[in-house]
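The structure appears right after this line, and notes come after that.
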There are 2 protein chains.
Amino acid sequence: MESQDLRNAGLKVTLPRLKILEILEGNAMRHMSAEDVYKLLLNEDADIGLATIYRVLTQFEQAGLVKRHHFEGGHAVFELERGDHHDHMVDVDSGKVVEFVSPEIERLQHEIAEKHGYEIIGHSLVMYVKAQEGRGGKTR
Amino acid sequence: MESQDLRNAGLKVTLPRLKILEILEGNAMRHMSAEDVYKLLLNEDADIGLATIYRVLTQFEQAGLVKRHHFEGGHAVFELERGDHHDHMVDVDSGKVVEFVSPEIERLQHEIAEKHGYEIIGHSLVMYVKAQEGRGGKTR
DNA sequence: ATCCGTGCAAAAATTTTGCAGCTGG
DNA sequence: CCAGCTGCAAAATTTTTGCACGGAT
């Protein structure tokens, strides 16, 4: 039950927060802007202000429930934090986002940081890609 | 002469564009927001509007003279494109930005993209770090 | 003279904040 | 009942655009 997630985060279990969490969990789109969430909530039935969405998403971020990304294009997008870490590949033609993990890259990152006397707090890796021409590859 | 860079980009050689390019080249800070550039230009003597900075930086970006980054924190920062590709390490305490390259990571990225049927157009890797505790490391 | 570029101010777009009222525990 | 939340609208921030003027070719 997601109420528990909210409690753990020290947040009261309110309708808006549940609705928003629900949207984030139940929707196909894994990366959504505040606007996206807002529109989906309007379609549903809930009458939740955009300001609340921003507030709640920020709280979720601080609570580690959600991750805020800054891809390209001005506005931020949010993604449920499922514990599994991964990076992103954005198809610049279709806008599609593919997630992937590379332990090797992770390891290299730590090595590099250490070499400079740092430790890694977090990182963000986004590859901007487009479908290969000369090859069947994944269908589109 | 940077006039040539401008001509190559199909841009007229104007005072504001030269000044802005000069700032980008001659300043220690390699990553600057439009505001940063604006303030520096005021200190210099030039009376250039913020709007122009945005316009010029966008043109520079399209011309490949400059790269636009979206780190964290809402606003974009710009960096001179020196041909040499590199990624970034941001010290979250001091705000300092360290640049680095890792051919291995690059190679892995291509491998991964290919595995998914894509080719890489570009990428953005930012590591958020902080100084190691147990070790002298880089001075602060 | 023409075309491109610039400054200024207004407009957009995105996110944050103040405040009065409502709600959950 | 009380603290914390919410909605609304206004504010703040960052970036873009409209327009008339100015400069270079």
Side-chain angles (χ1 to χ4, degrees), chain A residues 1-23 31-42 44-63 65-79, chain B residues 1-23 31-42 44-63 65-79:
Chain A
M1 188 115 309
E2 47 242 347
S3 314
Q4 200 48 47
D5 293 330
L6 291 177
R7 293 198 180 290
N8 291 343
L11 297 171
K12 251 185 202 168
V13 180
T14 66
L15 189 60
R17 304 219 253 236
L18 279 176
K19 283 283 184 194
I20 292 174
L21 200 45
E22 209 173 276
I23 289 278
H31 303 84
M32 313 209 286
S33 67
E35 276 280 350
D36 291 335
V37 176
Y38 182 57
K39 284 179 196 143
L40 286 177
L41 283 173
L42 287 190
E44 297 240 329
D45 62 353
D47 202 29
I48 298 181
L50 187 52
T52 298
I53 313 236
Y54 276 106
R55 271 185 296 230
V56 170
L57 285 176
T58 301
Q59 291 160 350
F60 283 6
E61 186 193 13
Q62 286 165 353
L65 284 175
V66 138
K67 212 166 213 311
R68 186 193 299 251
H69 295 285
H70 284 284
F71 297 168
E72 331 209 290
H75 61 310
V77 297
F78 299 83
E79 172 189 25
Chain B
M1 189 114 310
E2 48 242 346
S3 316
Q4 200 49 46
D5 293 330
L6 291 178
R7 294 202 178 288
N8 291 343
L11 296 171
K12 253 186 203 167
V13 179
T14 65
L15 189 61
R17 303 219 254 237
L18 279 176
K19 282 283 182 194
I20 292 173
L21 199 44
E22 209 173 275
I23 289 277
H31 303 84
M32 313 210 285
S33 67
E35 275 282 348
D36 291 335
V37 176
Y38 182 56
K39 284 178 196 143
L40 285 177
L41 283 173
L42 287 190
E44 297 239 330
D45 62 350
D47 202 30
I48 298 181
L50 186 52
T52 299
I53 313 237
Y54 276 105
R55 271 186 295 233
V56 169
L57 284 176
T58 300
Q59 291 159 351
F60 282 5
E61 186 193 12
Q62 288 165 350
L65 284 177
V66 139
K67 213 166 211 316
R68 185 192 301 249
H69 295 285
H70 285 284
F71 299 167
E72 331 209 292
H75 62 310
V77 297
F78 299 83
E79 173 189 26

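Chain identifiers are assigned alphabetically (A, B, ...) following the order of the sequence lines, protein sequences preceding nucleic acid strands; residue numbering begins at 1 within each chain.
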Send over the distance from [X] [atom1] to [N] [atom2], rounded to a whole Å.
{"X": "B:Phe60", "N": "C:dG5", "atom1": "CZ", "atom2": "P", "answer": "11 Å"}
{"X": "A:Leu11", "N": "D:dC5", "atom1": "CG", "atom2": "C1'", "answer": "11 Å"}
{"X": "B:Leu6", "N": "C:dG5", "atom1": "CG", "atom2": "P", "answer": "11 Å"}
{"X": "B:Ile53", "N": "C:dC8", "atom1": "CD1", "atom2": "P", "answer": "12 Å"}
{"X": "A:Asp47", "N": "C:dC22", "atom1": "CG", "atom2": "P", "answer": "15 Å"}
{"X": "A:Ile20", "N": "D:dG7", "atom1": "CD1", "atom2": "C1'", "answer": "13 Å"}

Original post:
For A:Thr58, which residues count as a side chain to side chain donor-acceptor pair (under 3.5 Å) partner, sequence neighbours excluded?
Top reply: A:Arg68

**OP:** Under the side chain to side chain donor-acceptor pair (under 3.5 Å) rule, collect the residues that match up with B:Ser33, sequence neighbours excluded.
**Re:** B:Asp36

Original post:
How is B:Ile48 classified with respect to the nucleic acid when contacts are heavy atoms under 4.0 Å: base, sugar-phosphate, or nothing?
Top reply: sugar-phosphate

Could you work out, with ring pair (Phe, Tyr, Trp, His ring centres under 6.0 Å) as the rule, every residue matching [X], not counting sequence neighbours?
{"X": "A:His75", "value": "none"}
{"X": "A:Tyr38", "value": "none"}
{"X": "B:His70", "value": "none"}

**OP:** Would you mind checking if A:Lys19 and A:Asp45 are paired as a salt bridge, meaning a charged N to carboxylate O distance below 4.0 Å?
**Re:** yes

Original post:
How would nucleotides 13-25 of chain D be written as a contact map, 5' to 3', with B for base contact, S for sugar-phosphate-only contact and - for no contact, using protein heavy atoms under 4.0 Å?
Top reply: -SBBBB-------

